[in-house]
S.K.: 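This is the structure I want to talk about, given as structure tokens.
Ligands are counted one by one from 1 in listed order, and the atoms in each one are counted from 1 as well.
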Amino acid sequence: MELTNTAYIRELLERHGFRFSKSLGQNFLTAAWVPEDIAAAGVPEEDLGVLEVGPGIGCLTRELSKRAEKVVSIELDRALKPILAETLADCPNVEIVYGDALKLDLAALAEDKLGGLKKAVCANLPYNVTSPLLTAFIEADCFDTITVMIQREVARRICAGSGCADYGAFGIFVQWHMEAELLFDVPPSCFMPQPKVTSSVIRLKRRGRPPAQAEDEGLLFRIVRAAFNQRRKTLVNALSSQLGKVTKEQAERAIANCGFDTRIRGEALDIGGFAKISDEIGRIVQADL
Ligand code: SAM
């Protein structure tokens with residue numbers, strides 16, 4: 001593919017006087033198989049409306065355009081505008097929106113641009129804003145799948161289960177809403193300029209319902225965050241020091257009532273365990289009022 005050929009990219013960027021911005025996470029792909037495989041994983045059906053963030057010079061955008069019904073792609077760097085006008089001139093089903101994906105209302109944009117189509121996200125994300133972007137995609141609540149290339153380290157955290165060193169609050173948040181799957185790794189040699197880290201492609205699929213039941217999701221996630229803010233502490237100590245209204249005795253009682261050892265740490269609990277403890281803490285605090 002021309003758009004991943006380094007000599008072609010250099011000539012294109014030079015002709016347009018383009019300079020890479022590190023702060024915008026600009027690492028463009030230089031291996032044709034990568035955008036092909038990401039698009040194949042992210043757009044398995046032809047009738048999808050796809051949101052991309054960060055088209056760069058458009059190599060993944062072109063692959064998405066071949067497979068999807070419509071592609072809307074958000075790019076923050078306006079210096080790429082004349083380049084994308086050239087590289088995507090023959091892709092009539094692609095619309096580029098210039099703006100900051102973190103500041104846009106993604107649900108409204110998707111509804112406006114992708115209308116009644118089934119919606120998916122597919123992108124090679126700027127790595128410095130991976131977590132806020134993934135949070136925004138999930139909270140937009142309209143994308144059935146989210147297939148993205150991100151730093152391998154973050155991918156591992158998102159897909160980790162309890163007991164793993166990578167297990168943490170962000171992974172639990174993602175897995176509460178989505179089923180997470182690690183698809184494949186991409187080495188630094190596939191990019192220009194080359195990043196210092198390995199990348200991974202993950203696919204998230206929206207769940208019909210969360211993996212466990214919780215009476216109060218707000219409380220559940222306050223508990224999860226407290227547990228991993230101080231992951232070396234026992235759950236009792238982490239909760240009683242960080243959850244304003246919960247005493248040490250109440251935290252101990254809730255954990256014991258759920259059948260867990262009161263010396264347990266949050267990292268040993270799966271999502272269902274957190275949900276159980278969250279419901280019990282809610283009940284105990286209410287009853288003790
Ligand atoms: N898709 C291209 C590729 O795979 O070669 C480029 C991916 S590059 C890793 C990330 C892209 O995201 C860059 O084009 C960058 O300008 C853009 N970007 C960075 N922050 C952004 C933001 N907040 N909103 C929209 N685009 C952003």
Side-chain angles (χ1 to χ4, degrees), residues 1-6 8-10 12-13 16 18-43 50-68 71-88 91 94-106 109-110 113 121-137 140 146-155 183-202:
M1 187 206 290
E2 214 175 28
L3 279 184
T4 48
N5 176 301
T6 41
Y8 176 81
I9 298 175
R10 278 207 189 91
L12 177 75
L13 298 184
H16 287 277
F18 179 84
R19 295 266 167 280
F20 285 99
S21 156
K22 208 172 170 182
S23 67
L24 290 181
Q26 289 176 339
N27 301 94
F28 298 164
L29 283 165
T30 56
W33 67 269
V34 184
E36 284 165 13
D37 285 7
I38 296 174
V43 191
V50 176
L51 174 77
E52 183 190 23
V53 167
I57 60 169
C59 68
L60 176 59
T61 323
R62 283 190 74 87
E63 288 303 312
L64 297 173
S65 154
K66 284 187 209 162
R67 292 176 166 81
V71 180
V72 58
S73 186
I74 306 170
E75 176 55 62
L76 179 54
D77 189 352
R78 283 174 187 275
L80 289 164
K81 198 170 179 177
I83 297 178
L84 287 165
E86 180 179 324
T87 58
L88 301 176
C91 300
V94 174
E95 182 174 348
I96 309 288
V97 173
Y98 289 93
D100 184 342
L102 288 171
K103 293 189 180 149
L104 291 166
D105 178 340
L106 298 181
L109 181 88
K113 306 287 185 193
V121 171
C122 192
N124 170 16
L125 293 182
Y127 293 171
N128 43 347
V129 284
T130 298
S131 303
L133 280 173
L134 282 176
T135 303
F137 298 148
I146 299 171
T147 307
V148 284
M149 181 150 67
I150 58 181
Q151 271 186 47
R152 179 167 64 177
E153 188 196 322
V154 183
L183 298 183
F184 54 90
D185 286 348
V186 178
S189 58
C190 291
F191 298 84
M192 175 198 213
Q194 292 193 14
K196 290 201 176 71
V197 294
T198 297
S199 303
S200 298
V201 176
I202 59 165

S.K.: Please write down residue, atom name and distance for the protein heavy atom closest to atom 1 (N) of ligand 1.
M.R.: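 Nearest neighbour among protein heavy atoms for atom 1 (N) of ligand 1, to 0.1 Å: G54 O, 2.8 Å.
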
S.K.: Can you tell me the protein heavy atom closest to atom 5 (O) of ligand 1 and the distance?
M.R.: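 For this ligand atom, the closest protein heavy atom is L29 N, 2.9 Å.
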
S.K.: May I ask you to identify the nearest protein heavy atom to atom 19 (C) of ligand 1, giving residue, atom name and distance to one decimal place in Å?
M.R.: L24 O, 3.1 Å

S.K.: Please say whether N124 places an N or O atom under 3.5 Å from an N or O atom belonging to ligand 1.
M.R.: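 In this structure, N124 places an N or O atom under 3.5 Å from an N or O of ligand 1.
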
S.K.: Does F28 reach ligand 1 with a nitrogen or oxygen that is under 3.5 Å from one of the ligand's nitrogen or oxygen atoms?
M.R.: no

S.K.: T61 near ligand 1, heavy-atom distance under 4.0 Å?
M.R.: no

S.K.: Heavy atoms only: give me the nearest I150-Y127 pair and the separation to one decimal.
M.R.: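 So the minimum-distance heavy-atom pair works out to CA-CE2, 3.5 Å.
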
S.K.: Using heavy-atom distances only, which candidate in V129, L104, D100 approaches atom 23 (N) of ligand 1 most closely?
M.R.: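 When every heavy atom of V129, L104, D100 is considered, D100 comes closest to atom 23 (N) of ligand 1.
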
S.K.: Which of the numbered atoms in ligand 1 are below 4.0 angstrom from a heavy atom of G25?
M.R.: 8 (S), 9 (C), 10 (C)

S.K.: For ligand 1, which atoms have a heavy atom of L125 less than 4.0 angstrom away?
M.R.: 9 (C)

S.K.: Looking only at N/O atoms, are L76 and ligand 1 under 3.5 Å apart anywhere?
M.R.: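 Yes, there is a polar N/O contact under 3.5 Å.
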
S.K.: List the closest protein heavy-atom neighbour of atom 14 (O) of ligand 1: residue, atom name, distance to the nearest 0.1 Å.
M.R.: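 Checked against all protein heavy atoms, atom 14 (O) of ligand 1 sits closest to E75 OE1, 2.7 Å.
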
S.K.: Just so I know, are the side chains of V121 and V50 near enough to count as touching, which here means a heavy-atom distance under 4.5 Å?
M.R.: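 Not in contact.
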
S.K.: When you compare the side chain of E52 with that of N124, does any pair of heavy atoms fall below 4.5 Å?
M.R.: no

S.K.: Heavy atoms only: give me the nearest L60-P35 pair and the separation to one decimal.
M.R.: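 For L60 and P35, the tightest heavy-atom pair comes out as CD1-O, 3.5 Å.
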
S.K.: Check whether any side-chain heavy atom of I9 sits under 4.5 Å from a side-chain heavy atom of L3, and report yes or no.
M.R.: no

S.K.: Which atoms of ligand 1 are found less than 4.0 Å from any heavy atom of I74?
M.R.: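 Checking each atom against I74, I get 25 (C), 26 (N).
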
S.K.: Quick one: closest heavy-atom pair of V186 and F191, and the distance?
M.R.: CG1-CE1, 3.8 Å

S.K.: For I38 versus T147, what's the shortest heavy-atom pair and its separation?
M.R.: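 That would be O-CG2, 4.1 Å.
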
S.K.: Heavy-atom contacts with Q26 under 4.0 Å: which atoms of ligand 1 show up? List them by number with element.
M.R.: 13 (C), 15 (C), 16 (O)

S.K.: Can you check whether T61's main-chain N or O pairs, donor with acceptor, with S65's side chain at less than 3.5 Å?
M.R.: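 Checked: no pair found.
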
S.K.: Which one holds for P55 and ligand 1: side chain close, backbone close, both close, or neither close, with close meaning a heavy atom under 4.0 Å?
M.R.: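 Under 4.0 Å from ligand 1, P55 contributes backbone atoms alone.
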
S.K.: Which of the numbered atoms in ligand 1 are below 4.0 angstrom from a heavy atom of L80?
M.R.: 14 (O)

S.K.: When you measure from atom 20 (N) of ligand 1 to every protein heavy atom, which one gives the shortest distance, and what is it?
M.R.: P126 CG, 3.6 Å

S.K.: Give the C-alpha distance, both sets of side-chain angles, the deciding distance and a yes or no for side chain to side chain donor-acceptor pair (under 3.5 Å) between D185 and T198.
M.R.: CA-CA 7 Å; D185 286 348; T198 297; over 6 Å; no

S.K.: Return the minimal non-hydrogen interatomic distance between N27 and Q194, and the atom names on each side.
M.R.: ND2-C, 4.2 Å

S.K.: For atom 24 (N) of ligand 1, grab the closest protein heavy atom and report residue, atom and distance to one decimal in Å.
M.R.: A101 N, 3.0 Å

S.K.: Can you list the atoms of ligand 1 that are under 4.0 Å from a heavy atom of G99?
M.R.: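 This gives 24 (N), 25 (C) as the contact atoms.
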
S.K.: So which heavy atom on E86 is nearest to which on Y8, and how close?
M.R.: OE2-OH, 4.1 Å

